[in-house]
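In what follows, a single structure is set out as structure tokens and then discussed.
Scope of the values below: all heavy atoms of this structure, side chains included, with no hydrogens, waters or symmetry mates. Here is how names work: the chains are called A, B, and so on, in the same order as the sequence lines, proteins then strands, and each is numbered from 1.
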Amino acid sequence: MASVSLDRVRKAFPGAPDAVHELSLEIADGEFVSLVGPSGCGKSTTLNLIAGLDQPTSGSIRIDGKPVEGLEPGERDIAMVFQSYALYPHKDVRGNLAFPLEVARLERSEIDKRIAETAELLGISKLLSRKPRELSGGQRQRVALGRALVRKPRVYLLDEPLSNLDAGLRAQMRAELRRLHQKLRATFIYVTHDQAEAMTLSDRIALLRAGELQQTGTPREIYQRPANRFVAEFFGTPRINVVPARVLGLEGDDLVGIRPEQIELLSERASGVLEATVEEAEMTGAELWVTLSLGGESMVARAPSDFAAHPGGRVWIRFPADRVLRFEQSGRTLSQTRL
Amino acid sequence: MKRLPVLVFFLGPLAWQVLTSFWPEPELTRALPHALTVANYAGLGTTFARAVLNSLLVAAGTTALCLAVGASAAFAVAKLEFRGRSLLFGGALAISMFPPIATVSPLYLVLRAAGLRDTLAGLILPYATFALPLTLWLLTSFFRDLPDELYRAARVDGCTPWQAFVHVFLPLSWPALATSAILVFIFSWNELLYALSFISTPSKRTIPVAIALFAGEHVEPWGQIAAASVVATVPLAFLTLFFQRRIVAGLTAGAVKE
């Protein structure tokens with residue numbers, strides 16, 4: 001098990017803005033850290049740099065305190081799971097699992113032992129003699145995971161491993177990944193564009209945008225105290241509402257953000273409420289997502305599913321003032337407001 | 001029946017050749033022979049047998065050399081990053097633009113200086129050089145189509161680039177290798193110009209040279225030429241059929257999610 005530290009890592013490709021810009025990140029031993037961001041934000045590039053599949057233009061990467069510059073991917077004691085699984089199509093499952101061990105010239109008995117253990121752990125023992133093309137998506141995913149596990153590496157790098165699975169399977173594999181991480185106590189670095197996935201899986205999240213680190217923190221920190229408007233808008237479904245302060249009856253010319261679940265909808269006027277018009281109501285099952293029009297701005301609020309909201313109807317809202325985020329012109333979050 | 005004209009168009013000349021090879025020599029000008037004969041084949045003799053053997057050696061040698069160099073170079077061009085990558089690729093393709101006749105005299109001098117004139121190795125080398133661009137082209141596009149993640153997975157699994165090539169990419173490239181092999185083999189099997197120019201010893205002649213030199217001073221042995229052509233064509237046809245069976249589509253199915 002090992003820590004991973006990135007010190008002002010920069011990756012530039014010719015004729016393009018930096019893919020990764022001066023990224024510094026400390027990942028502790030045994031931590032599950034997600035690199036999140038929209039596509040093209042540099043998260044996969046960062047993973048490739050850690051893996052040694054690409055070399056940083058400047059800056060340094062250390063695994064367990066030791067610089068890994070000049071080390072081949074195979075010498076870094078890392079394993080990687082790819083979005084497309086990248087199983088070797090000409091080898092059966094056993095061959096796929098054995099391959100990294102064979103390249104490392106392990107004893108045959110040791111290889112067999114590890115394959116048996118890993119297959120047992122992932123529930124793929126019965127598939128060992130199948131070829132990848134004979135497997136379902138979920139099974140391929142498990143084999144890809146197995147090929148990483150079988151090496152007992154210090155660091156696991158996962159590049160959008162679940163994005164090719166259907167929704168049900170994804171939820172199941174998510175839980176399984178979480179369980180695996182707890183069992184192995186290894187360092188996991190997980191790349192995803194799916195904010196919900198990052199939230200549920202990670203100890204800590206690092207959000208990237210156009211090669212620049214926006215914020216790192218626990219899911220709770222990132223969600224409740226986003227460093228800027230971009231972070232605030234990236235996490236949470238539906239998105240946080242960002243409107244001019246005056247719309248919420250607050251002072252100042254800044255933009256403020258309030259999460260949909262913080263807005264309480266009332267069907268009757270009460271003290272300290274704002275009046276709004278219902279534009280649209282979306283039934284999601286457990287709750288109702290109500291789009292409101294307020295002071296010329298649109299906002300979304302989450303309401304219990306039995307809340308009566310009809311387009312054009314009138315509702316009243318209130319919200320805890322200490323949950324309002326205030327953004328500077330630059331988008332940076334100011335300290336939380338008090339009314 | 002719409003296919004008949006096409007069949008006649010493509011197979012007509014071959015059928016004619018086969019028929020001629022069984023036609024008794026003195027009756028070639030008649031509409032129909034009195035009887036068919038194998039005399040033309042029997043008359044080919046040991047010199048021609050030697051030529052078949054030479055052609056086999058040269059074509060097999062060329063194919064092996066060409067694929068060994070071509071496959072590794074194509075892998076490098078397709079999957080590795082190095083300086084001068086496009087120069088290598090472009091240069092190799094440019095070679096194929098040279099008209100062969102323009103290279104005969106300089107090549108002759110080179111081969112003589114290297115002591116390879118009038119040897120089979122002296123044919124294999126230039127053949128491989130001229131067949132290489134096509135091989136490189138075919139295999140490069142094949143390797144490019146194999147997913148990059150496969151290469152990266154192999155690297156993370158501890159492979160050097162060469163091991164990734166040998167253990168992962170080569171086993172997947174049989175269809176492309178077989179296709180290239182057929183083309184290279186046919187090219188060197190049929191090549192006449194260099195073989196005629198660089199080989200002087202009769203026992204080292206290849207099939208095309210042997211057939212070209214069948215014609216005597218006074219007679220043109222059409223029957224024998226036809227028989228020799230059939231002998232030269234049949235193994236090639238079988239080879240092609242054999243390899244075609246090997247070219248299994250969908251060998252890469254299941255490697256990555258489509």
Task: Neighbours of chain A found in residues 63-78 of chain B - heavy atoms under 4.5 Å - done: none

Task: Which residues share a side-chain contact (heavy atoms from CB on, under 4.5 Å) with A:Ser44, sequence neighbours left out - done: A:Asp159, A:Val191

Open item on the list: If you count every heavy atom of other residues, nucleotides or ligands that lies below 6.0 Å from A:Glu75 atom CD, does the total exceed 12?
Closed with: yes

Task: Beyond-backbone contact of B:Leu150 with A:Tyr85, side-chain heavy atoms, under 4.5 angstrom - done: no

Task: Interface residue of largest heavy-atom contact number with chain B, from A:Asn96, A:Asn48, A:Ile78, under 4.5 Å - done: A:Asn48

For residues 49-63 of chain A, dump all side-chain donor-acceptor pairs below 3.5 Å to protein atoms at least two apart in sequence or in another chain.
from    : atom 1 : to      : atom 2 : distance (Å)
A:Gln55 : NE2    : A:Gly52 : O      : 3.4
A:Thr57 : OG1    : A:Ala12 : N      : 2.8
A:Arg62 : NH2    : A:Ser5  : OG     : 3.4

- [ ] State the CG-CE distance between B:Asp157 and A:Met80, to the nearest 0.5 angstrom.
- [x] 11.0 Å

TODO: Would you please go through residues 97-110 of chain A and name the residues with a non-hydrogen atom below 4.5 Å from one of chain B, in numerical order?
DONE: A:Phe99, A:Pro100, A:Val103

- [ ] Please check if atom CZ in B:Phe82 has more than 12 non-hydrogen atoms from other residues, nucleotides or ligands closer than 6.0 Å.
- [x] yes

- [ ] Report the C-alpha distance between B:Val156 and A:Arg76 in whole Å, list the side-chain angles of each, state the deciding distance to 0.1 Å, and finish with yes or no for side chain to side chain contact (heavy atoms under 4.5 Å, CB included).
- [x] CA-CA 9 Å; B:Val156 171; A:Arg76 295 187 177 200; over 6 Å; no

Open item on the list: I'd like to know if the side chain of B:Glu149 reaches the main chain of A:Ser84, judged simply by a donor and an acceptor atom lying under 3.5 Å from each other, with no hydrogens or angles considered.
Closed with: yes

Task: Side-chain donor or acceptor of A:His90 paired with backbone N/O of B:Leu170 under 3.5 Å - done: no

